[in-house]
2 protein chains.
Amino acid sequence: MTPDQRRIQPRKQPRQVRAELTRQRILTAAAHVFGDHGYAAGTTNRIAERAGISIGSLYQYFPNKDAILAELLVRHLDDGAAIAERVQREELPGPIEEIFRLFVRGAIESHLDEPRLLRVLLEQAPKSTDVLERVELLKKNLVAYMRELLDEHPEVRVADTETAARLIVTTVELVIHQLVADHEPVELGKLEDELVAMLTRYVRG
Amino acid sequence: MTPDQRRIQPRKQPRQVRAELTRQRILTAAAHVFGDHGYAAGTTNRIAERAGISIGSLYQYFPNKDAILAELLVRHLDDGAAIAERVQREELPGPIEEIFRLFVRGAIESHLDEPRLLRVLLEQAPKSTDVLERVELLKKNLVAYMRELLDEHPEVRVADTETAARLIVTTVELVIHQLVADHEPVELGKLEDELVAMLTRYVRG
DNA sequence: GTCTATAGATAGATAGAC
DNA sequence: GTCTATCTATCTATAGAC
């Protein structure tokens, strides 16, 4: 950026900030539209309309429809990774039940915002190889971490920790995707309790 | 049908049989096409091509694309219901672990044929209210039956059997959808064992 | 920078010949 | 009954005015 450009716009709301705001408006609108209508019926026209801009403007911020989807998914994955990291730092100690509870609760939290959107993202959206790789990598990391945890924790008595880790990660992911989308928050507490109980009793043998 | 009509076509391959055969050809082709390409890219043209008929003929047998999807899904649901009934007749006696094994194995069996198709049917296909109601009803029945089973079985020590039944049915359904599609048959045995173990230890407290 | 208008592509579905 | 040819609708994406 040259000094000239800085002098031209000395007011508030410099270009980049305003542009970033519009980007966010589009992403938020897209999240609602995809969540409400699904992938195919979540048209770029609808997104632009909901964002309060024209279709032409939308294409100034994103090269195509799938780029919007990809950004929404990456955003969610980053959330998930952040939560996973947080959990991994916090809870080396404690009973296995508490560890599972942190894990499950983190997963629930990261799905509370837009549960219907997430099902669209993960189930319907055509994923680019790039995004697919990210998903696979994140899941692989989770499984590896879970296996390590099972191997090291004294309470755990399951034999095949690799299979167990995959089963646990898959179960938590899938059950939460479905249950968060279908149930009221008041019931989520109970489901969390039962899911944690199921996993705990499983690994204790 | 009048006597005249009977006399006009005395050969083999009466109309209805041949028509039913064509219907089945279309459904089989559609199963492959949807499984391979997904919902959106599973076009009626591709289905007709794979079935070896023209697009016009296809529309003589089905009113629209979604009717084909719906019939495939209903067919699968009927399979599932049949298996559930079979299990319900067989296994009042025996340890809870064996009951879960029948349940899980039945679920796996009914997904072995066309796992990728099933994911498309259940995740991507826009479901009509009619089909949605059928799915809900089947699931409700399964949950009710599972709850009854938990309530009556002496080994079961879980408190909230309603929530537990829903968690179990959801877990089996989702985990199997995903795992059958993703894994080789050789691994399915291990996953079955672990899933059964998880459920058994869960309800035993 | 934002808009309107529209190009370009492809889908589902139908008409009408044979 | 089956086909080809085509209609209609709808979507993504772009061009060009302001």
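Proteins come first, then strands; the chains are lettered A, B, ... in the order of their sequence lines, and each starts at number 1.
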Query raised in the report: Mind checking whether His111(A) and His76(A) have parallel, tilted or perpendicular rings, split at 30° and 60°?
Result: perpendicular
Report task. Answer yes or no: is there a side-chain heavy-atom contact under 4.5 Å between Tyr59(B) and Ile55(B)? Result -> yes
**Report entry** Donor on one side chain, acceptor on other, Glu194(A) and Tyr202(B), under 3.5 Å
**Finding:** yes
Query raised in the report: Between the side chains of Glu20(A) and Gln16(A), does any donor sit under 3.5 Å from an acceptor?
Result: no
Query - Nucleic acid contacts - residues 49-68 of chain B versus DNA chain C, non-hydrogen atoms under 4.0 Å - result: Tyr59(B), Asn64(B), Lys65(B)
Query raised in the report: Are OP1 or OP2 of dT2(D) and a side-chain N or O of Arg18(B) less than 4.0 angstrom apart?
Result: yes
Roughly, in whole Å, what's the span from [atom1] in [X] to [atom2] in [N]?
X        : N       : atom1 : atom2 : result
Ile26(B) : dG12(C) : CD1   : P     : 14 Å
His37(A) : dT10(D) : NE2   : P     : 14 Å
Leu21(A) : dT2(C)  : CG    : P     : 11 Å
Asn45(A) : dA5(C)  : CG    : P     : 13 Å

Requested in this report: Before accepting this row, confirm whether a basic side-chain N of the pair Asp79(A)/Arg75(A) lies closer than 4.0 Å to the acidic partner's carboxylate O.
Outcome: no
Query - Set of ring-ring contact (aromatic ring centres under 6.0 Å, His included) partners for His32(B), sequence neighbours left out - result: none
